[in-house]
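In what follows, a structure is listed as structure tokens, so that the remarks can point back to it.
Order of the sequence lines fixes the chain letters, A, B, ..., with proteins taken first and strands second; residue numbering starts at 1 for each chain.
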Amino acid sequence: MDLRFTDEENAFREEVRSFFRDNLPDDIRAKMIDGEHLDKPDFVRWTKILNAHGWGVPHWPEEHGGTGWGPMKQYIFLEELQKYPAPQPLAFGVNMVGPVIYTFGNQAQKQRFLPAIANLDDWWCQGFSEPGSGSDLASLKTRAVRDGDHYVVNGQKTWTTLAQYADWIFCLVRTDTAAKKQEGISFLLIDMKTPGIEVRPIVTIDGGREINEVFLTDVRVPVENLVGEENKGWDYAKFLLGNERTNIARIGVSKQRVARIRELAALEMAGGRPLIEDERFREKLATIEIDLKALEMTQLRVVAADAKRGNTGKPDPASSILKIKGSEIQQATTHLLMEVMGPYAAPYLPEHDARWNEPSEVPEYAPVAAPNYFNNRKVSIYGGSNEIQKNIIAKAVLGL
Amino acid sequence: MDLRFTDEENAFREEVRSFFRDNLPDDIRAKMIDGEHLDKPDFVRWTKILNAHGWGVPHWPEEHGGTGWGPMKQYIFLEELQKYPAPQPLAFGVNMVGPVIYTFGNQAQKQRFLPAIANLDDWWCQGFSEPGSGSDLASLKTRAVRDGDHYVVNGQKTWTTLAQYADWIFCLVRTDTAAKKQEGISFLLIDMKTPGIEVRPIVTIDGGREINEVFLTDVRVPVENLVGEENKGWDYAKFLLGNERTNIARIGVSKQRVARIRELAALEMAGGRPLIEDERFREKLATIEIDLKALEMTQLRVVAADAKRGNTGKPDPASSILKIKGSEIQQATTHLLMEVMGPYAAPYLPEHDARWNEPSEVPEYAPVAAPNYFNNRKVSIYGGSNEIQKNIIAKAVLGL
Amino acid sequence: MDFDLSEEQSMLRDSLDRLLADTYGFEDRKGFMATPEGWSTDIWRQLAEMGLMALPFAEADGGIGGGPVETMIVMESLGKALALEPYFATVVLGGGFLRLGGSAAQKADLVPQVADGSLRLAFAHTERHSRFDLAHVATTATRDGDGWVLSGSKSVVQHGDCADRIFVTARTSGGTTDENGIGIFLVDTGAEGVSRRGYATQDGLRAAELTLDKVRVPAGAVFGDPENGLPLARRVVDQAIAALAAESLGVMGAMHALTVDYMKVRKQFGVPIGSFQVLQHKAVDMYVAIEQARSITLYATMMADSEDDAERARAMHAAKAEIGRGGRVVGENAIQIHGGVGMTMEYAVGHYFKRMTMIDVAFGNADHHLRELARAGGLFSAAA
Amino acid sequence: MDFDLSEEQSMLRDSLDRLLADTYGFEDRKGFMATPEGWSTDIWRQLAEMGLMALPFAEADGGIGGGPVETMIVMESLGKALALEPYFATVVLGGGFLRLGGSAAQKADLVPQVADGSLRLAFAHTERHSRFDLAHVATTATRDGDGWVLSGSKSVVQHGDCADRIFVTARTSGGTTDENGIGIFLVDTGAEGVSRRGYATQDGLRAAELTLDKVRVPAGAVFGDPENGLPLARRVVDQAIAALAAESLGVMGAMHALTVDYMKVRKQFGVPIGSFQVLQHKAVDMYVAIEQARSITLYATMMADSEDDAERARAMHAAKAEIGRGGRVVGENAIQIHGGVGMTMEYAVGHYFKRMTMIDVAFGNADHHLRELARAGGLFSAAA
């Protein structure tokens, strides 16, 4: 047992930090600190910088452009990226469909898609959820019927994040309606420019326009865009969903937000002195910090176990803890950040409005706080709600 | 809507208070304030004082010795009694078997038992729970087989509070093993001196000796001790269990404990000043007080609705709130009282030991605090656990 | 004690609920929000016709003589409908200053205008760095002949953009955080030197930034003692807190009803999600939180016109802390149980959640009031 | 980072677990508790034979050279067995003063006696009104020739009744709460003027009240700087907190295992109670709390021998707060899920619950450490 980072790991952390300092455009960093949504060009610009440095897809196999870093370095990279803060590479390509393609796809698919994911030349979105499916993902209804060299796809996907920017969507579709619900599903890659695809925004309660519905009407998809075998899509989906361990807890994001709370609570006054000097406020922040420090160690235990055993690709049920506590902490931080604002949490600035254009007493950092709190209610819902995570632990870990 | 107590109610409160002040023996009150268990003679002495004043069984019908008070006066009486604090009349007789006897019993039973309950000439205990039954009370297994003029009872009861003092036990027994589980149960009154009854103490984790197992081996019970009809006992049990509304939240008990916390936290020091001046401690106490004030109003709403509608004897499912919040508050107060003691929560004094007989730095009030916290874990378990109460609300109130 | 509504009170509730049920559907509300005012002038007129604007004023002053219970009834119904109209700002806050601080002349002048719906009021108190402290007032009021000249900036003035006149706290003497030396002035928003910028708040209501640049007001604009107006403001705000607590009951109750309904129809894994015990118990936790909130609201309502400032303040601290805490339990669980659909602008539950969150922010959040109650010695300290 | 045990560490754990599995059943423990010492002298001897008493001392001093990780392993196993022996008092606390504050002569004299199990130690610091503040010391130490004379009273000295010698904080100068002017003295419990009264604590362990009435100790009884011994005491207590955190892992883990097992066998309404989703989720909450407690214990263990007093103290505040909070979640749920049987003295879970409660009380409860961490500026203030 050795509970300290190695010298090599510490040096690597420094290398990563200075790369971010030297290379992330200031305007992008400022948006992230302010809690604003990034535009597509922001993501693209930054991803190309990372990729040019060879860090576009750190955790991929080296043959596909990965770095060869072990789990601990991957974790350090991500944590520093989140803490700086810098945008994370787009998960739908880099973390989701990319690994599915290099693991289950054919050679042509690998060549066509992987480099374009790493460089964000292709923007991917995810077509899993449907209006009726929710936590019961396998109940999906979107049909794909073989017609010569094509599948004809009809159905509706929802909660499709950033589909408005997407060039491609990876979809779970039902190719066999007679089979058991998990066994008739296939995994298709669909060009968003194909006729019959319509994207409609879903505005979220914070006023954000991140998510969409995607309607598919007689969409013709070439059979070469099937990944792996027909009716085996559920296996690939499970692989994909189990692949997110190093990111799910979002330690770096929460650390950055804790630092932000501390910074802004020094600017807001309560009872004639900075809020950060209020004992009760400090205790609330310290409570979060303790939880976060413990979760960081939990995350490192999972990462270290990965590193020792080699990545089996199989999810550790204990990683459900990372999801549960990670989301609780994110929600606690966004709530506390809103509390920092006091009455200034109330003004609402729609996302794409101009900045306040008259002198005002409302601090510029205040209006995003409540929307961020509202928006972060999603983190205990998506990716398997916290209730589902607890069911998983009860069954897989406790044997109940 | 009129949200104030009437002048009459206020006057009544004063009358009750001064009666307690003038009549409760000081030694009994001191034991209650110190959180010590009372002995049998304490209960008997106090009950006879109350009963001589006509207040032994306030909520019973006047023909059986009741006062004729409406629900609000009954509530005020109980709250003041708990706050003073004075011992509550023994529930097993006064609140449980008494109402069953005057509602479902025959004339002979009423004459034999009711006056002796009111005067605590008979000490009653409750024979409902069994080792296997827990929250699933109707699964009880104790058998009563008719043999001439007697039932012969065999089985085991448990969690029998203060059975060591008891003259009589009221039991649910199975008289028909072929019927559905709720339908083969009868309600028997059993003399504890009958051969075949053995009482064994169960020591609780706080070291207390309140509860017992009661073993019944070929216990012969005269048939005249059957209440109501054979195989209808479940109905009487439900009546009994639904009869506790005005007491279940124990508002007065919690108020008294809040006052005690405030008093003792003024004696214990933290950081060179009385603990009660510590802001964080005060906030914790205030949190409890707010909850308690809200629960008091909830209780009054239930009482006022009772008063308006007349006591139907049917439990209001909303009264499950009284149980849930009442137990949460009791547990919060006992925990906070233990916290007051700081390191002095640690010394353990078995209940019947002599007082510390040497000069010592350990304050006399400290050693009971942790046992009271431990003991009060029971309040969210007994009388239908809080999980059961939530099931009841989900079904009966929310229709889920 | 009697918790039942009188016949008149029941009629008030029923007729208001009926009006709102007929006029305040989800799409209606969206439409109101999209108007320049951000609410419905037509509904406002109907509320006035029902007598709601006159409700809390004494009959002698041209009102209907309702008390805190009547205000509770109205606010709960408005909360249930998520009404956007400036009733709270005009009648509860503005009306509070009129009722509790107005001279006979001021009442005679203004109550009829409020009562018929023609005059809209607001209350401006927040300043940069005041947070939730009413006594933190940097805005100045300087005597100028018979009248006063006001200068300063006020933030997040609820419905300040549509108000005809605004009650403003301003410092007549002393330092920025002194309890003494604060006056209450009624400022005509058309006066020279007044500028406003209106905007939406997170919950879809409206507020404004208000700047006063040497605004001259007459002697008759002063409410109460210009050197010691804070007790009046505190009393008005205490009554406003009781009213917000009542509104929160409507908001929480609606979220709970939506959630329980959703649990009965939404299916996952082939069964209604209402069959999952964990979700059942969450729904029960919401129910318990609402019943406790109702109880503490009744307590606050009972105490709302107490003359004992300290006791009244403690009751309001307790109420605001409890509804803030309970509102969060109800709101967060409502979203969680709804899942993704609860996160969308096109579904009602999120709007209730946002209103509930903003109610917590108004006049001090749960933590603020818990701290104040603790500092005041707790709830049961004086009398149990 | 590597969280796996080395081969030697695994052997240590396995052999200790095996010994305790063989000797420390529920009935055995009851028997030990009923002895005059309140624990087993026989087990104590076996622990010494295994080398546990020598474990944390440097090899040069006659020890085995184990570090915080080895102590963590031992304490978790002792926690799992609910062991009653004075290992914590003797080896962790007493041994801590020896290791961190002992001169070469003191170590040469005392380490071998501890290592072979013949010398039992304790640490007396609590005084009336000191609560959790180590700097609150009214007990006096006055120079007397080469030596010192000690007078005062100490409370709740863990295993103080069986200790041969007791480390005592005593004031050599300054006022009762000054940080300076505190010395650490090792007092022989057989010395004239020492009186003790032993008693059981809530968790079945032992403690004592200690009175020092002009007790004369030689110069060699002083550990560290007699005018500035507080930093030494803090360092020892910080390491002790890491050890208590490790013990709590054993305690919590045992409660969880008992609870999950019970859920599988206990039937209600015809099915195992483990089939109820609400109880499943409670069991998961316990599991999550334990994993978080394990993580923060690892952090505390990592920081236990840090030379940076402030950083080390922050880590211990965090750990003690987290295990206190988590321990309550685990303990209260364990009792609740067990129902009535969990309330009885004849079933193990209640004993674990009581030990967990007393771990929270020792050296400052969760709230105390949360407050101290907040006062120290939080956990991530210096470096993230």
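Looking only at distances, a side-chain donor or acceptor of R301(A) sits under 3.5 Å from a matching main-chain atom of E291(D).
For K267(D), the NZ atom is loosely surrounded, since the number of other residues' heavy atoms within 6.0 Å does not exceed 12. Within a 6.0 Å sphere centred on CG of D22(A), other residues, nucleotides and ligands contribute more than 12 heavy atoms. Summarising the local packing, CD of E8(D) is surrounded by 12 or fewer heavy atoms from other residues, nucleotides or ligands at distances under 6.0 Å.
The side-chain heavy atoms of L379(D) and L292(A), taken from C-beta on, include no pair separated by under 4.5 Å. Within the 4.5 Å cutoff, no side-chain heavy atoms of M297(A) are placed close to those of Q292(D). At a threshold of 4.5 Å between non-hydrogen side-chain atoms, the residues E322(D) and D291(A) count as touching. At least one side-chain heavy atom of L300(A) sits less than 4.5 Å from a side-chain heavy atom of F3(D). Side-chain atoms of M1(D) and M72(A), non-hydrogen and from C-beta on, do get closer than 4.5 Å to each other.
Of the inter-residue distances, the one linking E289(A) atom CD with R314(D) atom CZ reads 9.5 Å to the nearest 0.5 angstrom.
In this structure, K293(A) forms a cation-pi arrangement with Y299(D), its terminal cationic atom sitting closer than 6.0 Å to the ring centre and no more than 45° off the ring axis.
For K284(A), no part lies near chain D; criterion is any non-hydrogen pair under 4.5 Å. Contact of V69(D) with chain A is made through the side chain alone, with heavy-atom distances under 4.5 Å. At a 4.5 Å heavy-atom cutoff, the contact between Q280(D) and chain A is made by backbone and side-chain atoms alike. Contact annotation for R325(D): only side-chain heavy atoms (C-beta onward) come within less than 4.5 Å of a heavy atom of chain A. With a 4.5 angstrom heavy-atom cutoff, A321(D) touches chain A only via side-chain atoms. At a 4.5 Å heavy-atom cutoff, M286(D) makes no contact with chain A through either its backbone or its side chain.
Ranked by non-hydrogen atom pairs under 4.5 Å with chain A, the options Q9(D), R371(D), M263(D) are led by R371(D). Note: R282(A) leads Q256(A), R282(A), R280(A), E277(A) in heavy-atom pairs under 4.5 Å with chain D. Comparing D367(D), I296(D), L373(D) by how many heavy-atom pairs each has under 4.5 Å with chain A, the most go to I296(D). In terms of heavy-atom pairs under 4.5 angstrom with chain A, the leader among V260(D), D285(D), L298(D) is L298(D). Heavy-atom pairs under 4.5 Å with chain D peak, among L285(A), I324(A), T287(A), at T287(A).
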Assess whether side-chain contact (heavy atoms from CB on, under 4.5 Å) is satisfied between D2(D) and K308(A), documenting all intermediate values. CA-CA 9 Å; D2(D) 178 3; K308(A) 184 143 287 190; 3.2 Å; yes
Which is it for K325(A) and V288(D) under the side-chain contact (heavy atoms from CB on, under 4.5 Å) test, yes or no, and what are the steps along the way? CA-CA 8 Å; K325(A) 290 302 297 185; V288(D) 171; 3.6 Å; yes
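The stretch residues 388-400 of chain A places K390(A), N391(A), I393(A), A394(A), V397(A), L398(A), G399(A), L400(A) near chain D, each with some heavy atom under 4.5 Å from a heavy atom of that chain.
Heavy-atom minimum distance, A294(A) versus S295(D): O-CB, 3.1 Å.
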